Amino acid sequence: MRASLLLLIFLSPQGDPPPDFFVSPAGKDTNPGTKEAPFATVTRARDAARERKKPATIVLRGGTYFLAEPLVFKAEDSGLLVAAFPGEKPILSAGRPITGWKKGENGLWTAAATGTFRQLFVDGNRATRARSEIQRVQGEVSLDAQAKFKAKEGDVKPGWAARGDVEVVVLQSWAELRSPIAAIDGTTVTLAGKCAPSNREGNPRYWVENAADLLDQPGEWYLDAKAGVVSYKPFDGQDPSKVEVIAASLPQIVRFEGAKNVRLKGLTFAHSDWSMGPKGYTDVQAAYDIPGAVWGDRATSIRLEDCTVAHVGGYGIEFARGCKDIHVVGCEIVDAGAGGIKIGETSIRKDEADKTTGNVVTDTHIHDLGSVYPAGVGIWVGHSSKNTFAHNHIHDAYYSGFSIGWSWGYGPSGAQENLIEQNHVHHIGRGMLADMGGIYTLGTCTGTVIRNNVFHDIQSSTYGGWGIYFDEGSTGVLAENNIAYRCKSNGFHQHYGKENVLRNNVFALNSEAQIARTRNEAHLTLTFERNIVYWKEGKLLSGDWGGGPFRWEKNLFWNPAGTKGLPADWKEKGLDKDSLIADPLFVDPDKGDFTLKPDSPALKLGFQPIDVSKVGPRKTR
């Protein structure tokens with residue numbers, strides 16, 4: 001099939017117009033931008049499209065395009081489609097190649113490098129910045145303006161402070177502190193920055209990063225910015241002079257600034273960097289203030305389709321103020337320094353034009369997150385309403401899969417009527433941080449629906465590995481037809497909240513307990529009906545169930561070793577009066593198959609079988 005016909009077929013299913021301009025790494029910006037004489041840069045093609053003053057289609061040939069600055073789309077780009085040539089992989093890179101590698105002593109290779117960068121990618125993989133083993137603080141990190149902590153004898157070296165660019169990363173419950181070392185006096189380490197007071201823990205873990213004498217493991221690298229030399233210790237058989245080595249450079253790759261009706265299709269965005277000020281970075285929660293490599297402000301009707309965001313320093317994608325009708329469809333976000341996608345802001349906007357609403361993320365694969373900021377979330381939603389998150393696959397992250405809302409307690413919130421359905425979220429936490437959930441809600445989220453999702457293998461470092469987690473003030477949330485299993489702490493936890501409903505869910509095989517409520521409140525906190533709770537270890541209930549209105553009805557409980565833990569007086573109080581203690585007859589719960597056999601007693605309670613066949617991404621390509 002001729003390439004031109006293949007291209008037409010590729011672009012035509014949704015009525016896309018034929019190509020107007022072509023771009024190739026082998027092209028020239030002095031060319032006319034035809035298929036035979038393409039442009040060299042996407043910026044030149046975008047500007048040519050602007051000159052036409054009507055919708056245009058730009059097609060990128062395969063190869064890597066190293067950007068001198070972020071690619072910016074504005075209102076004048078309305079109607080623009082930028083798409084990959086069929087069967088080819090164009091990469092828009094925010095990095096720059098490092099060449100001229102020479103083999104030196106101790107198995108290290110070196111190359112000249114200009115400027116400062118914090119990420120290096122070798123042969124398509126993230127290299128590890130030279131770092132120590134994970135150590136333990138002795139006691140707590142202080143709350144001084146310059147935080148201090150005690151290290152074990154021999155774990156720190158005075159010379160690290162002299163350089164000024166050696167950093168410490170401290171894991172503090174649900175967030176991290178990253179700061180340069182300012183001074184070392186014996187075993188007392190003084191940091192340049194301060195510690196957040198909200199999430200301290202005793203004897204937290206930490207590691208030291210970016211010191212030359214820590215460059216001792218294959219796959220590690222170190223930049224001596226003052227000398228202009230980067231060093232790398234290769235794996236066995238790896239030759240840095242024969243593979244592509246890219247240093248991150250720009251903090252962002254694409255910016256939508258007031259753009260409307262722009263589509264990006266089949267493109268890869270890679271190699272953005274991260275940075276921090278001289279005092280370092282103190283995370284409060286979710287690395288919420290770390291920007292996305294693909295970023296939008298007051299953007300409308302933007303569509304990212306079959307795109308990949310890889311090897312970035314912060315979040316993969318972020319649509320902040322006033323973004324509406326954004327569609328992220330069939331994409332992949334992999335190897336992000338923080339999290340996957342951010343929607344909305346931490347402030348509640350009064351002007352309707354500044355509110356972020358009505359966006360869609362579907363069929364997207366988000367994984368391997370938190371390499372720089374462990375608290376990054378798979379999908380984070382601030383004060384943003386009426387969004388849909390469906391058929392996504394989120395896994396291998398150190399903090400929550402979803403985080404919905406950004407208001408502590410019962411005060412004003414802009415996170416209403418969000419729909420989270422048919423998502424597969426697993427291997428979250430991975431023993432790195434605490435206080436997390438497969439999905440986490442915060443504040444008044446009235447009208448939010450969480451349904452037909454599967455959450456499993458949520459493993460926190462200490463407390464708080466929960467499947468579904470309603471945190472402070474979560475209100476008006478319906479969670480139905482979900483399965484949450486193999487979580488460290490509980491399948492479900494409500495810290496405190498109002499008028500939430502859990503209906504027709506399965507909570508199974510969680511380690512410490514199955515269902516938790518922390519706070520006793522005067523209002524109706526929770527309705528728990530037609531759920532199946534199945535466990536083999538730990539307790540049924542944890543937290544405070546001693547009083548305050550809540551409703552439990554028509555649930556089924558079973559522990560094969562003998563069901564224990566149901567409060568003896570619950571039926572006297574009108575709770576669970578029609579519930580059952582019986583084997584639900586799952587097909588194979590130990591292997592994660594919670595299909596009910598036809599004679600399951602749960603069906604007599606009105607439990608509706610949960611179909612997981614459509615959970616996760618559908619084929620979009």
Side-chain angles (χ1 to χ4, degrees), residues 391 420-426 438-439 449-458 466-468 477-487 489-494 500-517 526-542 545 550-568 570-571 574-616:
H391 296 282
I420 302 96
E421 65 177 355
Q422 303 284 9
N423 300 284
H424 186 194
V425 180
H426 63 97
I439 185 165
V449 177
I450 304 167
R451 68 186 180 203
N452 286 98
N453 304 283
V454 177
F455 307 102
H456 64 93
D457 293 286
I458 316 295
W466 297 300
I468 299 174
V477 183
L478 168 63
E480 63 179 358
N481 302 337
N482 302 286
I483 300 175
Y485 67 100
R486 283 205 304 261
C487 302
S489 299
N490 301 72
F492 170 74
H493 173 223
Q494 178 166 305
N500 298 308
V501 176
L502 266 75
R503 182 170 63 211
N504 213 89
N505 303 284
V506 171
F507 300 103
L509 302 174
N510 302 298
S511 298
E512 295 172 1
Q514 306 308 305
I515 311 297
R517 188 189 73 160
L526 179 69
T527 296
F528 192 85
E529 60 186 9
R530 292 204 320 272
N531 300 288
I532 300 175
V533 186
Y534 175 93
W535 74 106
K536 293 184 176 180
E537 59 181 323
K539 301 181 294 183
L540 169 62
L541 301 176
S542 63
W545 296 95
F550 54 88
R551 298 173 183 158
W552 283 49
E553 189 58 68
K554 295 186 176 180
N555 301 294
L556 186 146
F557 306 97
W558 186 246
N559 181 340
T563 298
K564 298 178 182 179
L566 277 172
W570 272 30
K571 290 194 175 183
L575 297 166
D576 266 325
K577 60 182 183 297
D578 294 321
S579 296
L580 294 176
I581 298 175
D583 187 343
L585 301 179
F586 291 129
V587 169
D588 197 343
D590 291 335
K591 294 184 178 179
D593 186 348
F594 298 96
T595 305
L596 295 175
K597 296 178 181 178
D599 53 345
S600 169
L603 300 174
K604 298 177 182 178
L605 293 174
F607 187 91
Q608 299 299 309
I610 300 173
D611 181 9
V612 298
S613 64
K614 297 179 182 178
V615 169

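The shown structure was predicted, so the numbers you read here are calculated from the model rather than taken from an experiment.
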Problem - Pair Phe528-Asn555, side chain to side chain contact (heavy atoms under 4.5 Å, CB included): steps then yes or no - result: CA-CA 8 Å; Phe528 192 85; Asn555 301 294; 3.5 Å; yes
Handout entry: His456 and His424: CA distance, side-chain angles, deciding distance, side chain to side chain contact (heavy atoms under 4.5 Å, CB included) verdict
Key = CA-CA 9 Å; His456 64 93; His424 186 194; 2.8 Å; yes
Exercise for the section: List the steps, then state whether side chain to side chain donor-acceptor pair (under 3.5 Å) holds for Thr527 with Asn500. Expected result: CA-CA 6 Å; Thr527 296; Asn500 298 308; over 6 Å; no
Exercise for the section: Begin with the C-alpha distance, continue with both residues' side-chain angles, and end with the deciding distance and a verdict on side chain to side chain contact (heavy atoms under 4.5 Å, CB included) for Trp545 and Trp552. Expected result: CA-CA 12 Å; Trp545 296 95; Trp552 283 49; 3.6 Å; yes
Exercise for the section: In sequence, state the C-alpha distance, the side-chain angles, and the governing distance for Arg451 and Glu421, and then conclude on salt bridge (Lys or Arg N to Asp or Glu O under 4.0 Å). Expected result: CA-CA 5 Å; Arg451 68 186 180 203; Glu421 65 177 355; 2.8 Å; yes
Practice task
Evaluate the side chain to side chain contact (heavy atoms under 4.5 Å, CB included) criterion for residues Leu596 and Leu585: first the C-alpha distance (whole Å), next the side-chain angles of each, then the deciding distance (0.1 Å), finally the verdict.
Solution key: CA-CA 6 Å; Leu596 295 175; Leu585 301 179; 5.9 Å; no
Practice task
Could you walk me through whether Tyr534 and Phe507 pass ring pair (Phe, Tyr, Trp, His ring centres under 6.0 Å), step by step?
Solution key: CA-CA 6 Å; Tyr534 175 93; Phe507 300 103; over 10 Å; no
Exercise for the section: Could you walk me through whether Lys536 and Asp590 pass salt bridge (Lys or Arg N to Asp or Glu O under 4.0 Å), step by step? Expected result: CA-CA 10 Å; Lys536 293 184 176 180; Asp590 291 335; 3.0 Å; yes
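Taking each heavy atom of Val506 and Ile610 in turn, the nearest pair found is CG2-CD1, 4.1 Å. The two residues Asn505 and Ala479 have their closest heavy-atom pair at ND2-O, 2.9 Å.
Within the 4.5 Å cutoff, the side chain of Trp558 has heavy atoms near those of the Ile581 side chain. Under the 4.5 Å side-chain criterion, counting only non-hydrogen atoms from C-beta, Leu526 is in contact with Phe492. Residues Phe557 and Ile532 have side chains not in contact (no heavy-atom distance under 4.5 Å, counting atoms from C-beta outward). Residues Asn423 and Val615 are not in side-chain contact: their nearest non-hydrogen atoms beyond the backbone lie 4.5 Å or more apart. Put simply, the side chain of Val425 does not reach to within 4.5 Å of the side chain of Asn453, judged on heavy atoms.
Taking the ring-ring contact (aromatic ring centres under 6.0 Å, His included) definition, one finds that His391 meets it with nothing, sequence neighbours left out. In terms of the ring-ring contact (aromatic ring centres under 6.0 Å, His included) criterion, Phe607 has no residue partners (sequence neighbours excluded). Partners of Glu537 under the salt bridge (charged side-chain N to carboxylate O under 4.0 Å, His left out) rule, at least two apart in sequence or in another chain, do not exist in this structure. Residues satisfying the salt bridge (charged side-chain N to carboxylate O under 4.0 Å, His left out) test with Lys604, not counting sequence neighbours, are none. For Phe455, there are no ring-ring contact (aromatic ring centres under 6.0 Å, His included) partners two or more places apart in sequence or in a different chain.
Taking CD1 of Ile515 as the reference point, atom CD of Gln494 lies at 11.5 Å (rounded to 0.5 Å).
A salt bridge is absent between Asp578 and Lys554; no separation between the charged side-chain nitrogens and carboxylate oxygens falls under 4.0 Å. Between Arg551 and Glu529, no side-chain nitrogen of the basic residue sits less than 4.0 Å from a carboxylate oxygen of the acidic one, so the salt-bridge criterion is not met.
With 3.5 Å as the limit, one finds a donor-acceptor pair spanning the side chains of Asn490 and Ser542.
For the pair Asn510 (side chain) and Cys487 (backbone), a donor-acceptor distance under 3.5 Å is present.
Note on residues 591-602: pairs passing side-chain hydrogen bond (donor to acceptor under 3.5 Å, both in side chains), not counting sequence neighbours, are Asp593-Thr595.
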